[in-house]
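Just so we're clear, the structure is a prediction, and the values are computed from it rather than from any experiment.
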Amino acid sequence: MSPTPNSDFRFEFSLGGNGIALLRNGWSWPENNYTWAISTSSEIAMPKMEFPGDTVWEFHVAPCVKKPYRTLQRLKIYVNDFLVISCEVDRSVLVKFTLPKEVLNRVGENWVRLWHPDSLQPSTIMKSNDARDISIWLKSIVVRTACKSESLHNSSDEHSFHWEGKTEGHPSAHLGRGWAREDTPRGVRLWMVGDDSEVCLPPLSKKLTGKLSMDISPFILLPYRTVQRLSIEINGHRVDQLDLSTKRNVTILFPSALLSETEQNLVRFHHPDYIIPDDVVGNSDRREVATFLENLYIDFSRETRHDEAEADISLRDLMLRFESLGQNCEFGLVQRRAGADPLGLFRWSSTAISSILRGIKSEFKDIGAADSIVVETAPSREFMVREKTYGLFYHTWIFEGQANAEEIRARETKKLLFLARKFMTDLEDGEKVLLYKHDPRLNDAQLMELKDGIRNVSNNPILVVSIANNEPPGLVVDVGDNVYLAYMDRFAPSQNAYDFSFNCWVQICLQTVAMIEARKSGCVVPE
């Protein structure tokens, strides 16, 4: 069966649904109406599609979450090996994207692959005999013809979104979940409802910088609610945080590095202080209202600033410019969030500056010797390695049942030798920015020790990242000799390494690269 060009094609994955026969690898078959994606990836064999142009796909999914063990599930969706969307799912949502017509297979099956690495085993976190590794519950998939305003190829202003309440505009083309329309004598109001509201924009075909502008008013009920909190994200990266008590105009810039050329670009508004009017004033209005818009403009244009390093570098390529020296694995996780997974000797490790410098001086002689490697098991059942010669302690990302301690020890001996050679080669090349995160701050003597130890063998840029005190978060300071100091708003808490301040990390990395490139070109960088 295949859809006709002018009809929607809907698959249901509940018990007895018409989508069950399409499921291939990586699924737990329907049980009590739940069809779970299991392990780290799963596949669906969609039928031949005869749509003539771009198509809109809607996946209704819900995550397996259990606080405090898991608060969200990461999800990537590929169609015929084309990555169409990457997101984080923390509740039942409709994941929507536009698929270019070139990706669709019109003569055979269309393979859909879901990547979901954060599976949970119910038996390990609650009283249950369920030992399945479950991650995402799939409810339904709808495929339909994209209207003109949803097409990825429709016009020169495909990357812009303009809506004015007085003229109404065309909001439905790009609005995702979390909106409600209200007609008033003065025009149309667009309410943000629930916890989150989303605007979905297509992949961007150029290196662009974005600008969002809106007139927004909070829903206030004194004394019950005096302020509405609002945070704004682009593709999961927070760009602003507001406390709204009255109407105001908000203008925000989106750096080009935060935008995607291969996936839809998702603008999310998070507004947790919504009110149900009926609960407060008894007017039968059960909407979860937070704020309303009188207009919303999102525009993208070619970057024109002189620091083309920021304009012409993707987020993944930006993160590959840096080599982590520790203090722990936080920056390694930041790189992974940005789609970069470089090999690095210290990327997942914690060790002291003195040990790093001793290794550089000796070119890591005797690293990985069999008698220096101790394999330990973390409470999460992950194998951890302690290398005694240079004091490294790091993740293996291998868990009990996947290997044994002797296999880990043999593997790590070879890996450490390779990573040490690679690290020394990168020092000789002199291009990587050596990033050292440290809390508390390094004192002057420690900073000098770090700089001198590296300068004995290379002139790589050095970036030392600390928590801001009186400095503005995101500030990067050039202190001379190719050394830079940067200041974060916060680091990830020890109990949740994934709760890092991604947007501040991106800001610091962008600014550092721009300053390095400006120095190379002879430009004067403001202090």
Please confirm whether Lys437 makes a cation-pi placement over Phe491, using NZ or CZ under 6.0 Å from the six-membered ring centre and within 45° of the ring normal.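 Lys437 over Phe491 ring: yes.
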Kindly confirm or rule out a cation-pi arrangement of Arg113 over Tyr78, judged by NZ or CZ under 6.0 Å from the six-membered ring centre and within 45° of its axis?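 Yes, Arg113 and Tyr78 form such a contact.
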Spacing of [X] atom [atom1] and [Y] atom [atom2] [to the nearest 0.5 Å]:
X: Ile141; Y: Ile77; atom1: CD1; atom2: CD1; value: 8.0 Å
X: Asp90; Y: Lys67; atom1: CG; atom2: NZ; value: 8.5 Å
X: Glu109; Y: Leu22; atom1: CD; atom2: CG; value: 8.5 Å
X: Ser135; Y: Arg70; atom1: OG; atom2: CZ; value: 9.5 Å
X: Ser41; Y: Trp115; atom1: OG; atom2: CH2; value: 10.0 Å
X: Ser213; Y: Leu296; atom1: OG; atom2: CG; value: 8.5 Å

Do the side-chain N and O atoms of [X] and [Y] include a donor-acceptor pair separated by under 3.5 angstrom?
X: Arg316; Y: Gln335; answer: no
X: Ser197; Y: His271; answer: yes
X: Ser284; Y: Asp278; answer: no
X: Asn80; Y: Asn105; answer: no
X: Asp118; Y: Gln73; answer: no
X: Glu43; Y: Asn25; answer: yes
X: Lys66; Y: Thr71; answer: no
X: Arg490; Y: Ser501; answer: no

Give a yes or no on whether the backbone of [Y] and the side-chain of [X] come within a donor-acceptor separation of less than 3.5 Å.
X: Asn235; Y: Leu266; value: yes
X: Gln511; Y: Ile508; value: no
X: Asn110; Y: Pro47; value: yes
X: His116; Y: Ser39; value: yes

Give a yes or no on whether a salt bridge exists between [X] and [Y], defined as a side-chain N under 4.0 angstrom from a carboxylate O.
X: Arg248; Y: Asp215; answer: no
X: Arg347; Y: Glu330; answer: no
X: Lys247; Y: Glu294; answer: yes
X: Arg336; Y: Asp341; answer: yes

Which atom of [X] lies closest to which atom of [Y], heavy atoms considered:
X: Arg225; Y: Val227; answer: CD-O, 3.0 Å
X: Glu12; Y: Asn18; answer: N-OD1, 2.7 Å
X: Gln228; Y: Tyr274; answer: OE1-N, 3.9 Å
X: Gln507; Y: Pro473; answer: NE2-O, 4.1 Å
X: Ala403; Y: Phe383; answer: O-CE1, 3.3 Å

Heavy-atom side-chain proximity of [X] to [Y] below 4.5 angstrom:
X: Lys139; Y: Phe13; result: no
X: Leu244; Y: Ile220; result: no
X: Thr55; Y: Arg144; result: no
X: Trp348; Y: Met384; result: no
X: Met46; Y: Val143; result: yes
X: Thr35; Y: Trp27; result: yes
X: His60; Y: Val95; result: no
X: Met192; Y: Ile216; result: yes

Phe269 and side-chain contact (heavy atoms from CB on, under 4.5 Å): which single residue from Leu293, Asp196, Val199 fits?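 Looking at Leu293, Asp196, Val199, the match for Phe269 under the side-chain contact (heavy atoms from CB on, under 4.5 Å) is Val199.
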Identify the residue among Leu114, Val112, Leu23 that makes a side-chain contact (heavy atoms from CB on, under 4.5 Å) with Ser42.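 Per the side-chain contact (heavy atoms from CB on, under 4.5 Å) rule, the option paired with Ser42 is Leu114, out of Leu114, Val112, Leu23.
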Going through the distances and angles, do Trp137 and Cys64 end up as a side chain to side chain contact (heavy atoms under 4.5 Å, CB included)? CA-CA 7 Å; Trp137 171 30; Cys64 176; over 6 Å; no
Set out, in order, the CA-CA distance, both residues' side-chain angles and the distance that settles side chain to side chain contact (heavy atoms under 4.5 Å, CB included) for Leu138 and Trp36, then state yes or no. CA-CA 6 Å; Leu138 177 61; Trp36 287 105; over 6 Å; no
side-chain contact (heavy atoms from CB on, under 4.5 Å) with Thr226: which residues, sequence neighbours excluded?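 Thr226: side-chain contact (heavy atoms from CB on, under 4.5 Å) contacts with Leu222.
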Only counting residues at least two apart or in another chain, list the ones meeting side-chain contact (heavy atoms from CB on, under 4.5 Å) with Arg411.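 Only Thr396, Ile398, Lys415 meet the side-chain contact (heavy atoms from CB on, under 4.5 Å) criterion with Arg411.
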I'd like to know whether Gln121 forms a side chain to side chain donor-acceptor pair (under 3.5 Å) with Tyr69, so could you lay out the CA-CA distance, the side-chain angles of the two residues, the decisive distance to 0.1 Å, and finally the verdict. CA-CA 11 Å; Gln121 195 174 89; Tyr69 306 98; over 6 Å; no
Test salt bridge (charged side-chain N to carboxylate O under 4.0 Å, His left out) on Arg10 and Glu58 and set out the steps. CA-CA 9 Å; Arg10 183 179 185 89; Glu58 298 175 351; 5.9 Å; no
Check whether the ring centres of Trp191 and Phe219 lie less than 6.0 Å apart, and answer yes or no.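 Under 6.0 Å, so yes.
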Please determine whether side chain to side chain contact (heavy atoms under 4.5 Å, CB included) holds for the pair Gln327 and Asp439, giving the CA-CA distance in whole Å, both sets of side-chain angles, and the decisive distance to 0.1 Å. CA-CA 8 Å; Gln327 170 188 35; Asp439 187 26; 4.2 Å; yes
Matching residue for Asp195 among Arg268, Arg91, Arg229, Arg177 - test: salt bridge (charged side-chain N to carboxylate O under 4.0 Å, His left out):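 Output: one option passes, namely Arg91.
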Report the C-alpha distance between His395 and Cys329 in whole Å, list the side-chain angles of each, state the deciding distance to 0.1 Å, and finish with yes or no for side chain to side chain contact (heavy atoms under 4.5 Å, CB included). CA-CA 8 Å; His395 293 275; Cys329 64; 3.7 Å; yes
CA sep, side-chain torsions, deciding dist, call: Phe500, Trp505, ring-ring contact (aromatic ring centres under 6.0 Å, His included): CA-CA 9 Å; Phe500 46 76; Trp505 274 112; 8.2 Å; no
